[in-house]
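All residue numbers in this chain count up from 1 along the given sequence.
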Amino acid sequence: MRIRHILRTLYTFGVTTSALRSSSTHLRGTRLLQQSHTTNNHHSNFYSKSVFKSMPSIPFLSSFFSTSTPASEKMSYPDQRSNDEWRTVLNKEQFRILREKGTEAPFTGEYDKHQPTEGVYTCAGCNAPLYKANHKFKSGCGWPAYFDSLPGAVTRHTDSSFGMERTEIVCSNCGGHLGHVFKGEGYPTPTDERHCVNSISLKFHEKEDEVQKPAGGEAK
């Protein structure tokens, strides 16, 4: 699909730009497109608006739109591990996304097209349960989409800088970055919300009773 090639090109260009900028200052992570939609003609106008809304997430633009001190970094979470401790349990890409608030390339994640009928998705960092299988729906945005989360599992932080409002979502147990949530897009779901989540931030378990107690908190 042509639009997927465009999105991946933007992703590659953004990552390259971010790498060049980081030679003098260590960037906190790469921010990318947070949403996109299918390209059929019937939804073309809807798609264009969604891409525009996601533009600030591209790395070379993020410096103009992102907050210098994210609200999620000011909060305290049950799992108090330091970055050095996280590096011992997360691989490089997991650390970039969960702890440095990066984003995986669209249409590449393990759970993008994953549609189980039972099971639970937990935080890839601390193993806290986040979403049930029946929360997931097909959005065509390029990332796993959920219309709701388990009660109290996800914490929201609003960034209204530069006249734009985006809502980051993090794991309530460890503060790990999951993605962003968007509301009022017209999806036929009970909440009319889309939790746009990185696959790398998640781990799927077929049986809920097999989920182990997360570090720093109780399994929900």
Side-chain angles (χ1 to χ4, degrees), residues 1-19 27-66 90-116 121 123-124 130-131 135-147 149 154 159 164-171 176-187 189 193-204:
M1 188 178 295
R2 185 177 180 182
I3 193 62
R4 296 190 180 185
H5 294 301
I6 295 174
L7 289 172
R8 287 171 180 165
T9 298
L10 287 172
Y11 173 88
T12 302
F13 179 66
V15 170
T16 302
T17 305
S18 178
L27 294 180
R28 191 164 295 279
T30 305
R31 294 185 154 231
L32 309 166
L33 290 173
Q34 294 304 321
Q35 62 171 356
S36 59
H37 300 279
T38 55
T39 57
N40 59 66
N41 293 331
H42 182 68
H43 292 97
S44 60
N45 187 49
F46 177 44
Y47 171 79
S48 298
K49 292 180 180 178
S50 300
V51 171
F52 176 77
K53 184 167 63 174
S54 302
M55 287 294 283
S57 300
I58 301 174
F60 69 92
L61 292 177
S62 64
S63 60
F64 296 101
F65 293 92
S66 60
L90 301 176
N91 62 40
K92 184 176 180 180
E93 187 68 355
Q94 287 176 324
F95 186 86
R96 182 182 74 83
I97 291 175
L98 280 165
R99 310 314 308 177
E100 296 183 325
K101 303 183 185 300
T103 304
E104 65 194 6
F107 305 104
T108 63
E110 178 182 1
Y111 301 127
D112 178 27
K113 296 181 179 180
H114 191 232
Q115 290 295 146
Y121 295 88
C123 174
L130 301 172
Y131 302 98
H135 289 146
K136 197 171 190 297
F137 71 99
K138 296 179 180 179
S139 70
C141 69
W143 291 272
Y146 305 84
F147 64 81
S149 64
V154 171
D159 174 11
M164 300 187 69
E165 183 173 294
R166 292 191 304 151
T167 304
E168 180 196 8
I169 47 178
V170 303
C171 170
H177 176 72
L178 303 175
H180 290 80
V181 61
F182 301 93
K183 189 174 180 65
E185 295 180 317
Y187 288 106
T189 62
E193 287 191 342
R194 175 171 63 90
H195 291 225
C196 185
V197 184
N198 291 287
S199 289
I200 292 175
S201 297
L202 303 171
K203 184 185 300 182
F204 179 70

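Distance OG1/Thr189 to NZ/Lys138: 15.5 Å, rounded to 0.5 Å. Taking OG of Ser199 as the start and OH of Tyr121 as the end, the distance is 8.5 Å to the nearest 0.5 Å. Note that NZ of Lys203 and CD1 of Ile200 are 13.5 Å apart. Values are rounded to the nearest 0.5 Å. To the nearest 0.5 Å, the span separating CG on Asn91 from CZ on Arg96 amounts to 10.5 Å.
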Using the side chain to side chain contact (heavy atoms under 4.5 Å, CB included) rule, take Glu110 and Phe204 through it: C-alpha gap first, then chi angles, then the decisive distance, then the call. CA-CA 10 Å; Glu110 178 182 1; Phe204 179 70; over 6 Å; no
Test side chain to side chain contact (heavy atoms under 4.5 Å, CB included) applied to Tyr146 and Leu178, step by step: CA-CA 12 Å; Tyr146 305 84; Leu178 303 175; over 6 Å; no
Side chain to side chain contact (heavy atoms under 4.5 Å, CB included), that's the test. Do His135 and Leu130 meet it? Break it down for me. CA-CA 10 Å; His135 289 146; Leu130 301 172; over 6 Å; no
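Closest approach of Pro144 to Val197, counting heavy atoms only: CD-O, 2.9 Å. Closest non-hydrogen pair, Gln94 versus Ala124, comes out as NE2-CB, 4.1 Å. Contact between Leu98 and Cys123 at its shortest, heavy atoms only, is CD2-SG, 4.4 Å. Annotation for Glu104 and Trp143: closest pair O-NE1, 3.0 Å, computed over non-hydrogen atoms.
The backbone N or O of His114 sits less than 3.5 Å from a side-chain atom of Lys136, completing a donor-acceptor pair.
Under the side chain to side chain donor-acceptor pair (under 3.5 Å) criterion, Tyr131 pairs with His195, not counting sequence neighbours. Residues passing the ring-ring contact (aromatic ring centres under 6.0 Å, His included) test with Phe95: none are found, sequence neighbours excluded.
The ring of Tyr187 has its center no closer than 6.0 angstrom to the ring center of Phe147.
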